[in-house]
Amino acid sequence: MASALLFERTGVDKVQNSEVLTDLDASNPSGATRSVMKKLPEVTLVFWIMKIAATTLGETAGDLFAQTFKLGYFLTTIVLTLVFLVTLVVQLRSRRYNPFFYWTVILSTSTAGTTMSDFMNRDASAKYLSNGADKLGWGPQGLGLGYPVGAAILISILVAIFIAWKLTGMTFEIRDIVTFKGEALFWAAILVSNTLGTSMGDFLSDSSGLGYAGGALLVAGGIAVLVALMKVPSVPNVLLFWIAFVLTRPLGATAGDFLTKPTAKGGLDLGTAGSSAVLLAVLFGLMAYAQVQERRART
């Protein structure tokens with residue numbers, strides 16, 4: 001993101017790090033919040049870097065299991081959804097914010113979202129299969145809905161989640177989500193937004209004609225617009241946050257495809273296994289950094 005978005009909070013929850021896309025409650029200028037046990041992270045510049053790293057890894061890892069290992073979209077989606085549920089239970093049962101727990105759930109939503117999107121949008125046609133294969137893995141090959149229909153369904157589900165969230169009267173502000181119900185709604189929105197972002201990224205990469213690099217540049221331009229809109233008082237920052245959260249997913253999807261796809265298709269042909277290993281190392285390094293920062297903040 002850009003330094004223009006950086007600002008300091010004031011009030012009882014003031015932190016040392018500058019924050020990005022986090023002033024989600026303009027009606028509370030003091031920034032004062034209740035004294036509660038924090039379960040979710042402060043949304044700093046490092047947060048967005050980790051989000052992009054996690055979503056890029058989610059793209060390469062999802063393709064690794066479904067395509068490289070030839071498990072198929074259906075079976076991989078079932079397995080990765082179960083992994084997501086396990087990581088989510090660990091996060092929900094945790095009494096305070098733990099970077100490894102939180103970012104493991106983000107990663108699991110990204111990998112599961114990748115194969116969920118692929119299963120919804122793709123089928124067993126030659127366009128999605130290679131080397132003369134007529135099927136990919138066990139079970140149904142895909143619903144073949146296509147990216148526009150798949151995106152419309154996911155947008156509808158995401159809107160329904162936000163409506164239900166609004167009706168509960170609970171805050172959308174991440175730093176103030178402290179109840180089980182609020183966190184459950186938060187993670188439901190995260191899973192659907194990551195799946196939607198995958199559909200958007202694949203559409204830009206595969207169907208728009210922009211290619212992987214062009215799709216990534218377009219999404220980066222959209223994020224730059226959000227940066228500019230942060231200066232417009234009439235635009236709610238909570239809306240900008242969730243748009244940014246969705247847009248970082250197609251950025252990760254197009255970046256992941258750019259790393260792994262063959263050079264004939266405009267990629268770097270680094271492979272899903274090698275790219276996933278490097279990205280996993282980067283993400284774990286950032287998790288360790290976040291863990292150190294969190295421990296320092298408690299002392």
* Evaluate side chain to side chain donor-acceptor pair (under 3.5 Å) for Thr60 paired with Thr272, printing each intermediate quantity in order. => CA-CA 5 Å; Thr60 60; Thr272 54; over 6 Å; no

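- To the nearest 0.5 angstrom, Leu82 atom CG is 11.5 Å from Ser108 atom OG.
- Scanning all heavy atoms of the two residues, the minimum distance from Leu251 to Ala220 falls at CD1-N, 4.5 Å.
- Separating the CG atom in Leu143 from the CD1 atom in Ile153 is a distance of 8.5 Å, to the nearest 0.5 Å.
- For Trp103 and Phe284, the distance between ring centers is not under 6.0 angstrom.
- In this structure, Thr81 contributes its side chain and Thr77 its backbone to a donor-acceptor pair below 3.5 Å.
- There is no path of hydrophobic side-chain contacts, each under 4.5 Å, that joins Phe180 to Val89.
- Using a 30° and 60° split on the angle between ring planes, Tyr147 and Phe203 fall in the perpendicular class, above 60°.
- When every heavy atom of Thr76 is checked against every heavy atom of Phe65, the shortest pair comes out as CG2-CB, 3.6 Å.
- Hydrophobic clustering (side-chain heavy atoms under 4.5 Å, transitive across Ile, Leu, Val, Met, Phe, Trp, Tyr) keeps Met287 apart from Val292.
- For the residue pair Ser199/Asn121, the side-chain donor-acceptor check at 3.5 Å is satisfied.
- Judged by distance alone, the side chain of Thr111 and the main-chain N or O of Ala61 form no donor-acceptor pair under 3.5 Å.
- Taking each heavy atom of Ala244 and Trp48 in turn, the nearest pair found is CB-CH2, 3.7 Å.
- Using modelled atom types, one finds a donor on one side chain and an acceptor on the other under 3.5 Å when comparing Asn194 with Thr109.
- In this structure, CE on Met116 lies 10.0 Å from OG1 on Thr198, to the nearest 0.5 angstrom.
- Connection of Val90 to Leu85 is not established within any shared hydrophobic cluster, with ILVMFWY side chains joined at heavy-atom distances below 4.5 Å, either directly or through further cluster members.
- Note on residues 152-162: no pairs pass side chain to side chain donor-acceptor pair (under 3.5 Å), not counting sequence neighbours.
- Met120 has its side chain within reach of Leu154: a pair of non-hydrogen atoms, C-beta onward, lies under 4.5 Å apart.
- Considering every non-hydrogen atom in both Ser117 and Asp202, the closest pair reads OG-OD2, 4.4 Å.
- In this structure, Lys181 and Met170 have side chains that are in contact, with non-hydrogen atoms separated by less than 4.5 Å.
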* Worked verdict on Val105 versus Trp187 for side chain to side chain contact (heavy atoms under 4.5 Å, CB included) -> CA-CA 9 Å; Val105 185; Trp187 286 115; 3.4 Å; yes

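- Taken to the nearest 0.5 Å, the CG atom of Asn98 stands 5.0 Å off from the CD atom of Gln291.
- A salt bridge is absent between Arg96 and Glu294: the closest approach of a Lys/Arg side-chain nitrogen to an acidic carboxylate oxygen does not fall below 4.0 angstrom.
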* Asked: Are Phe162 and Trp242 close enough, and set up right, to give a ring-ring contact (aromatic ring centres under 6.0 Å, His included), and what steps lead you there?
  -> CA-CA 11 Å; Phe162 281 125; Trp242 282 104; 5.1 Å; yes

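- Sorted pairs that involve residues 102-117 and meet salt bridge (Lys or Arg N to Asp or Glu O under 4.0 Å), not counting sequence neighbours, are lacking altogether.
- Between Tyr102 and Tyr97, the ring planes lie perpendicular to each other; the angle is over 60°, past the 30° to 60° tilted range.
- When atom types are taken as modelled, the side chain of Asn237 and the backbone of Leu240 share no donor-acceptor pair closer than 3.5 angstrom.
- Counting heavy atoms from C-beta on, the side chains of Leu185 and Thr168 come closer than 4.5 Å.
- Here the closest heavy-atom approach between residue Thr115 and residue Ala66 is recorded as CG2-CB, 4.2 Å.
- In terms of hydrophobic clustering, with Ile, Leu, Val, Met, Phe, Trp and Tyr side chains grouped at heavy-atom distances under 4.5 Å, Phe245 and Val235 are assigned to a common cluster.
- Between the side chain of Thr87 and the main chain of Phe84, a donor-acceptor pair closer than 3.5 Å is present.
- The one candidate from Val246, Thr248, Leu247 that meets the side-chain contact (heavy atoms from CB on, under 4.5 Å) condition with Val219 is Leu247.
- Residues Ile106 and Met50 fail the side-chain proximity criterion, which asks for heavy atoms closer than 4.5 Å.
- Thr56 and Arg249 form no side-chain donor-acceptor contact under 3.5 Å, judged by distance and modelled atom types alone.
- Side-chain contact between Ser110 and Glu59: absent, with no pair of heavy atoms (C-beta onward) separated by less than 4.5 Å.
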* Stepwise, does the side chain to side chain contact (heavy atoms under 4.5 Å, CB included) test hold for Leu158 with Leu196? -> CA-CA 9 Å; Leu158 188 59; Leu196 172 61; 4.2 Å; yes

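- Pro140 is listed as a side-chain neighbour of Phe119, based on a closest heavy-atom distance under 4.5 Å.
- Note: the hydrophobic cluster containing Val159 also contains Ile190 (ILVMFWY, side chain heavy atoms under 4.5 Å, direct or indirect links).
- One finds the OG1 atom of Thr260 at 8.0 Å from the CD atom of Gln67 (value rounded to the nearest 0.5 Å).
- With rounding to the nearest 0.5 Å, the separation of CG in Leu279 from OG1 in Thr55 is 9.5 Å.
- Residues Leu270 and Ser275 share a closest heavy-atom pair of CB-OG, 3.5 Å.
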